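A quick write-up on the structure given underneath.
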Amino acid sequence: MSDPLRRSTADGLSRLETVRAAQRAFDGGAVLAALQEAVHPDAVLRLGHPIGETVGADALYEAAYAPLIDAFPDLERRDWITFDGVTEEGDHWLGCAGHYVGTFLGPWLDIPPTGHIAAFRFHEFYRLVDGRVAEMQALWDIPELMTRSGVWPMAPSLGHEWLVPGPLTQDGLQVENADPDHGARSLAHVRDMLNAMTRHPKEPPAVMELPRFWHSHMNWYGPAGIGSVRGIAGFRHWHQIPFLKAMPDRGGLRSQLTYHFFAKGDYVAVTGWPNMAQTVLHDGWLGLAPAGQKITLNSLDFWRLENGKIRENWVMLDMLDVYRQLGVDVLARMREFNKARVMGRVTLPAAL
């Protein structure tokens, strides 16, 4: 890396750290100022449904952060994975995962407030060019907040719904890159695993060689609506079998998709908008009818390897967009589901 590129990279990471630092207390003015400094005016900033795509820092703040701060006046950001890397195409990305946390005092996206502390997970990826954000691909687990508020209107998860933890090793914020070959080996392992997985269901399940790639104590942390699973058996039963039964052409359209992989040490990340495409041909996934329709998925993922195998995998899908593509408006159904619930703000008197 040349000295000017190294300085530009450092500048971009520093500006994003300023954004993340401002979001730890979420003073609106400080967050907006930090975003304006970090984000290129023409940057394309993508969030999941229903927030969608915006251009530039001001539009992102108004569409996403201002309503969120209004609903959670004491909002804070808690990162537990943050690392950067360069893709095979030469693009520089920063990936972050964690939770937004606060007291849920006002409705947000028509989700009724609880008056209690609430949290939902985020996966956020930023592409840096000339020291500033040129693109964002990010998902917030809005269904998780619906679940915590008791208003998720769709089929219950097959996996377990809980507060997804950060890395077991607690090193997600200090990912080391002392040996660049280490990250390359981790990335190769993940890509080999993904290639093996796409050979099934056209071939028998054994072709995936799951014990070769996955730790026997693996955790797979899916989004709300799918849930989390433990071990290879849990992964197969509570996620993969229903997923592949419903969409057996998984992996057949990879040439039409875009992937951004990068790695550092034991950590690997991928983002893409979209990076999966398949056809809902059979029943069994998310309680959805077999529509016979092709859908695309935005999947923003992190993996952590341990002793050469995948021990933890954090997965985020734009679940609300999946339903939208199949003609199901989850937010509209949630509003019908909660017609009798008071949607005003919760006021908590000051403690005596």
Side-chain angles (χ1 to χ4, degrees), residues 48-50 139 141-144 146-147 152-161 190 193-211 213-214 218-259 270 272-301 310 313-334 336-337:
H49 183 73
L139 292 176
D141 199 346
I142 296 168
E144 181 176 13
M146 294 179 183
T147 300
W152 176 241
M154 311 310 293
S157 301
L158 294 178
H160 180 59
E161 294 290 2
V190 167
M193 176 274 297
L194 293 172
N195 287 332
M197 275 198 172
T198 58
R199 296 171 62 189
H200 172 67
K202 292 181 180 178
E203 300 179 51
V207 75
M208 295 185 291
E209 300 182 89
L210 294 179
F213 294 108
W214 296 86
M218 64 167 280
N219 283 344
W220 187 90
Y221 308 114
I226 296 177
S228 295
V229 304
R230 172 77 166 174
I232 292 173
F235 174 68
R236 290 282 289 142
H237 284 291
W238 307 130
H239 170 59
Q240 194 188 42
I241 289 174
F243 186 83
L244 292 181
K245 278 186 175 179
M247 296 171 287
D249 63 345
R250 183 274 308 267
L253 302 170
R254 297 174 73 184
S255 62
Q256 303 174 23
L257 303 168
T258 301
Y259 308 88
V270 68
W273 209 272
N275 58 6
M276 299 179 72
Q278 46 227 34
T279 311
V280 183
L281 294 173
H282 306 291
D283 195 3
W285 186 57
L286 306 181
L288 290 166
Q293 180 178 332
K294 173 188 167 184
I295 61 171
T296 59
L297 292 89
N298 307 321
S299 181
L300 283 60
D301 299 359
I310 300 167
N313 182 194
W314 294 265
V315 176
M316 189 72 78
L317 301 174
D318 193 347
M319 298 289 287
L320 298 183
D321 186 59
V322 168
Y323 283 100
R324 180 197 63 78
Q325 291 178 67
L326 294 171
V328 179
D329 186 337
V330 174
L331 293 170
R333 177 164 171 77
M334 180 193 67
E336 295 294 326
F337 190 66

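Just so you know, residue 1 is the first one in the sequence shown, and it goes up from there. Heavy atoms only: backbone and side chains are in, while hydrogens, waters and symmetry mates are out. Since we're looking at a predicted model, the values are computed, not measured.
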Practice problem: Scan Thr296, Val280, Leu320 and name whichever one has a side chain to side chain contact (heavy atoms under 4.5 Å, CB included) with Gln325. | Solution: Thr296

Practice problem: Look only at the side chain of Gln278 and the backbone of Ala246, and say whether a donor-acceptor pair between them is shorter than 3.5 Å. | Solution: no

Quiz item: Do you know the tightest heavy-atom contact between Trp285 and Met247?
Solution: CE3-CE, 3.4 Å

Quiz item: CG/Asn219 to CD1/Ile310 distance, rounded to the nearest 0.5 angstrom?
Solution: 12.5 Å

Quiz item: Between Val229 and His237, does a side chain to side chain contact (heavy atoms under 4.5 Å, CB included) hold up when you go through it step by step?
Solution: CA-CA 9 Å; Val229 304; His237 284 291; over 6 Å; no

Quiz item: What are the two closest heavy atoms between Pro223 and Met316, and how far apart are they?
Solution: CB-SD, 4.1 Å

Exercise. Mind checking the CZ-CE spacing from Phe337 to Met154? Nearest 0.5 Å is all I need.
Key: 10.5 Å

Practice problem: Working to the nearest 0.5 Å, report the span between NE2 of His282 and CG of Leu288. | Solution: 14.5 Å

Exercise. For residues Leu210 and Pro205, determine if any side-chain heavy atom of one lies less than 4.5 Å from a side-chain heavy atom of the other.
Key: no

Self-check item: Between CH2 on residue Trp314 and CG on residue Leu300, distance to nearest 0.5 Å
Solution: 15.0 Å

Quiz item: Out of curiosity, Arg236 CZ to Trp214 CH2, how far, rounded to the nearest 0.5 Å?
Solution: 12.5 Å

Practice problem: Check the pair Leu286, Leu158 against side chain to side chain contact (heavy atoms under 4.5 Å, CB included), reporting the backbone distance first and the verdict last. | Solution: CA-CA 8 Å; Leu286 306 181; Leu158 294 178; over 6 Å; no

Exercise. State, to 0.1 Å, how close Tyr259 and Asn275 come at their nearest heavy-atom pair, and which atoms those are.
Key: CE2-O, 3.2 Å

Quiz prompt | Check against side chain to side chain contact (heavy atoms under 4.5 Å, CB included), Asn313 and Met218 | solution = CA-CA 8 Å; Asn313 182 194; Met218 64 167 280; 6.0 Å; no

Quiz item: Is the shortest heavy-atom distance from the side chain of Ser299 to the side chain of Leu317 under 4.5 Å?
Solution: yes

Quiz item: Going by heavy atoms in the side chains, are Val207 and Lys202 under 4.5 Å from each other?
Solution: no

Exercise. Kindly say whether His49 contributes a backbone atom to a donor-acceptor pair with the side chain of Asp321 at under 3.5 angstrom?
Key: no

Self-check item: Donor-acceptor contact present, side-chain Asp141 to main-chain Ala224, <3.5 Å
Solution: yes

Practice problem: Side-chain contact test, heavy atoms from C-beta onward, threshold under 4.5 Å: evaluate it for Pro274 versus Leu297 and give yes or no. | Solution: no

Quiz item: Which atoms form the tightest heavy-atom contact between Ala291 and Leu326, and what is the distance?
Solution: CB-CD2, 3.9 Å

Quiz item: Closest approach of Phe213 and Ala196, non-hydrogen atoms and distance?
Solution: CE1-CB, 3.8 Å

Quiz item: Which atom pair, heavy atoms only, marks the closest approach of Gly222 to Ser228?
Solution: N-OG, 3.9 Å

Quiz item: Between Arg250 and Met197, is there a donor-acceptor pair closer than 3.5 Å when you use the side chain of the first and the backbone of the second?
Solution: yes

Quiz item: To the nearest 0.5 Å, what is the distance between CG (Leu244) and CG (Asp249)?
Solution: 10.0 Å

Exercise. Please determine which of Met334, Arg333, Glu161, Met146 meets the side chain to side chain contact (heavy atoms under 4.5 Å, CB included) test together with Trp152.
Key: Met146

Quiz item: Are the side chains of His239 and Val315 in touch, meaning some heavy atoms are under 4.5 Å apart?
Solution: no

